[in-house]
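As the structure is a computational prediction, the values presented were derived from the model and not from experiment. Computed over heavy atoms, backbone and side chain alike; hydrogens, waters and symmetry mates excluded. Just so you know, ligand 1 is whichever comes first in the structure, and atom 1 is the first atom listed for that ligand.
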Amino acid sequence: MSVAGDILGPEYVVKVYKPDSSVWAFLVIDNTALGPGKGGIRMTSTVTEDEVARLARVMTFKTAIAGIPFGGAKAGICVDPSSLTGRERRAVIEWFARMVKPLSPRRYIAGPDINTGEREMLWYVTANGSWRSATGKPVDYCMKLYGGHQRCGIPHEFGSTGFGVAESVRLALALSGLDAKTATAAVDGFGNVGTFVCKYLDAMGVRIVAVSDSKGVVMNDSGLPYKDLMKVKKKTGSVVNYEGGAVIERAVLFELPVDVLIPAAMPDVIHGENVDRVGAKIVVEGANIPMKDEFEERLHRRGVLVIPDVVANAGGVISSYAEYRGYNPKKMLTLVERKVTGNVRFVVTESDATGEKPRDVAVKMAIERIRKKGVPNG
Ligand code: NAD
């Protein structure tokens, strides 16, 4: 499928191929009006050019809404990472870094996404040759720059995105007149974002009744303690092996009558078949593009509050900005909290006043900021 263009972009759609392992990869740099395109590298067997383009547009809006000097981009490497040895995985990342080097870091700055983390970012910057070419680098990656300044990594493994999503949940509950201490939640995904969402929600007193990962869904109405889930995940590789819960069908997670549903894994998990059966009062999008606009509209008309990805999961890209500026992790988390909750409050308040859904309010603000900067440089 070819990617459709509009007034904002995309500026570049790059497709590269690694013949010795039959791996395709995509880089879409959507819009650089506000700064170099920022976006993670996703490594899945299902990623497509179209998915990467949709994600790159999300990044264009997310960085503009967060008010940070980055544009929007995304990369996808189409391979099942579990089929690769460690050495092969490294070779694929290094290959991709070299292939996109003419654009990175000037027009594209990489970051972690599904199945990539601090280790991959270290491989990426090493192959690229510039510390600026990726964020989400390991904390012990430190570079002395000219003038004696030091730049160190802030890995997404610090949980900036999950922290911001959990803070969005806290505020969305409060703005809906619900108390976190008596609220219930279901979380789809138990990776970087999902684990930290569970950690922070658990600490707030939210009762997490269902959690999923790639192997399935575990449920317990009385609650699933974060620490126990984490132990089981580390020991056995999946939350489904948690003995304090029952394994349920994947589809049921999206229909549970919880206060908050948090998609924190794959795209398009809410779709035409299940949107009318979503049982939550609030959906906070930890994942990117967990549903298409038309389904968000349907939920909005039904009175379900949806905090969109471009607002709720901006913690990762705000952390990237903090890393770029050389902030320490504490200052980074303060910035995430301030920016994310400020924007949640703004979109919910405006949505209540105008009747528009929160995403429309957020996107309008993003487009205004991008237009003020004019058409990206050629
Ligand atoms: P990750 O690779 O760390 O974790 C992905 C999780 O999804 C794993 O628990 C995996 O088991 C699970 N999973 C895979 N297939 C699944 C399925 N079919 N059903 C349920 N779970 C499944 O990835 P991540 O970094 O946590 O990213 C998750 C989502 O959050 C993505 O949409 C990503 O774009 C978005 N996001 C991530 C960040 C970040 O900082 N990592 C920032 C913003 C947005």
Check your understanding: What protein heavy atom sits nearest atom 21 (N) of ligand 1, and how far away is it?
Key -> Asp213 C, 3.4 Å
Exercise for review: Could you tell me the residue and atom name of the protein heavy atom closest to atom 31 (C) of ligand 1, and the distance to it rounded to 0.1 Å?
Suggested key: Ala265 O, 3.2 Å
Review point. Is Glu94 salt-bridged to Arg90, cutoff N-O under 4.0 Å?
Key: yes
**Study point:** Sub-4.0 Å atoms of ligand 1 with respect to non-hydrogen atoms of Phe190
**Key:** 9 (O)
Review point. Of the listed options (Gly117, Gly136, Gly191, Pro155), which comes nearest to atom 8 (C) of ligand 1 when hydrogens are ignored and any heavy atom counts?
Key: Gly191
Revision key, fill the gap. The atoms of ligand 1 lying under 4.0 Å from a heavy atom of Ile114, numbered in the order shown, are 2 (O), 23 (O), 27 (O), 31 (C)
Check your understanding: Which residue supplies the protein heavy atom nearest to atom 33 (C) of ligand 1, what is that atom called, and how far is it?
Key -> Asp113 OD1, 3.3 Å
Check your understanding: In terms of heavy-atom contacts, does CZ of Arg87 have more than 12 from other residues, nucleotides or ligands at under 6.0 Å?
Key -> no
Review point. Is Arg250 atom CZ crowded by more than 12 heavy atoms from other residues, nucleotides or ligands, each under 6.0 Å away?
Key: yes
Revision key, fill the gap. The complete set of side-chain hydrogen bond (donor to acceptor under 3.5 Å, both in side chains) pairs with one or both residues in residues 171-180, sequence neighbours excluded, reads none
Review point. Among Asp113, Asp80, Ile114, Asn115, which one satisfies side chain to side chain contact (heavy atoms under 4.5 Å, CB included) with Met43?
Key: Asn115
Check your understanding: Got a salt bridge between Glu356 and Lys364, using NZ or NE/NH1/NH2 to carboxylate O under 4.0 Å?
Key -> yes
Point to revise | Region of Leu55 that comes within reach of ligand 1 [heavy atoms, distance under 4.0 Å] | key: neither
Practice item. Could you walk me through whether Lys62 and Asn313 pass the side-chain hydrogen bond (donor to acceptor under 3.5 Å, both in side chains) test, one step at a time? Key: CA-CA 9 Å; Lys62 200 183 294 182; Asn313 72 27; 2.5 Å; yes
Review point. Is the shortest side-chain N to carboxylate O distance from Asp202 to Lys199 below 4.0 Å?
Key: no
Point to revise | Any donor-acceptor pair under 3.5 Å from Asp6 side chain to Gly9 backbone | key: yes
Review point. Among protein heavy atoms, which lies nearest atom 28 (C) of ligand 1, and at what distance?
Key: Ala264 O, 3.4 Å
Practice item. Report, in ascending order of atom number, the atoms of ligand 1 lying under 4.0 Å from any heavy atom of Arg42. Key: 31 (C), 32 (O), 33 (C), 34 (O)
Review point. For ligand 1, which atoms sit closer than 4.0 Å to a heavy atom of Thr161?
Key: 38 (C), 39 (C), 40 (O), 42 (C), 43 (C)
Exercise for review: With heavy atoms of Ala287 as the reference, note each atom of ligand 1 found under 4.0 Å away.
Suggested key: 29 (C), 30 (O), 32 (O), 35 (C)
Check your understanding: Which residue owns the protein heavy atom closest to atom 19 (N) of ligand 1, what's the atom, and how far is it?
Key -> Arg250 NH1, 2.6 Å
Review point. For ligand 1, which atoms, with element, lie under 4.0 Å from some heavy atom of Met266?
Key: 14 (C), 15 (N), 16 (C), 17 (C), 18 (N)
Check your understanding: Short list, please: which atoms of ligand 1 are under 4.0 Å from a heavy atom of Asn115?
Key -> 2 (O)
For residues 20-27, tabulate all N or O donor-acceptor pairs below 3.5 Å that involve a side-chain atom, not counting sequence neighbours.
from	atom 1	to	atom 2	distance (Å)
Asp20	OD1	Lys18	NZ	2.9
Asp20	OD2	Lys18	NZ	3.2

Practice item. Between Pro290 and ligand 1, find which residue part has any heavy-atom pair under 4.0 Å and reply side chain, backbone, both or neither. Key: neither
Review point. Which protein heavy atom lies closest to atom 44 (C) of ligand 1, and at what distance to 0.1 Å?
Key: Asn288 ND2, 3.4 Å
Practice item. Just need the protein heavy atom nearest to atom 37 (C) of ligand 1, so name the residue and atom and give the distance. Key: Val193 CG2, 3.4 Å
Practice item. For atom 1 (P) of ligand 1, find the nearest protein heavy atom and state the residue, atom name and distance (0.1 Å precision). Key: Asn192 N, 3.9 Å
Review point. Would you say Ser238's side chain and Lys215's backbone share a donor-acceptor pair under 3.5 angstrom?
Key: no
Study note, to complete from the structure: Heavy-atom proximity to atom 22 (C) of ligand 1, picking from Gly237, Gly316, Gly111, Ser214, points to Ser214
Practice item. Evaluate the ring pair (Phe, Tyr, Trp, His ring centres under 6.0 Å) criterion for residues Tyr200 and Phe163: first the C-alpha distance (whole Å), next the side-chain angles of each, then the deciding distance (0.1 Å), finally the verdict. Key: CA-CA 7 Å; Tyr200 289 112; Phe163 169 72; 5.2 Å; yes
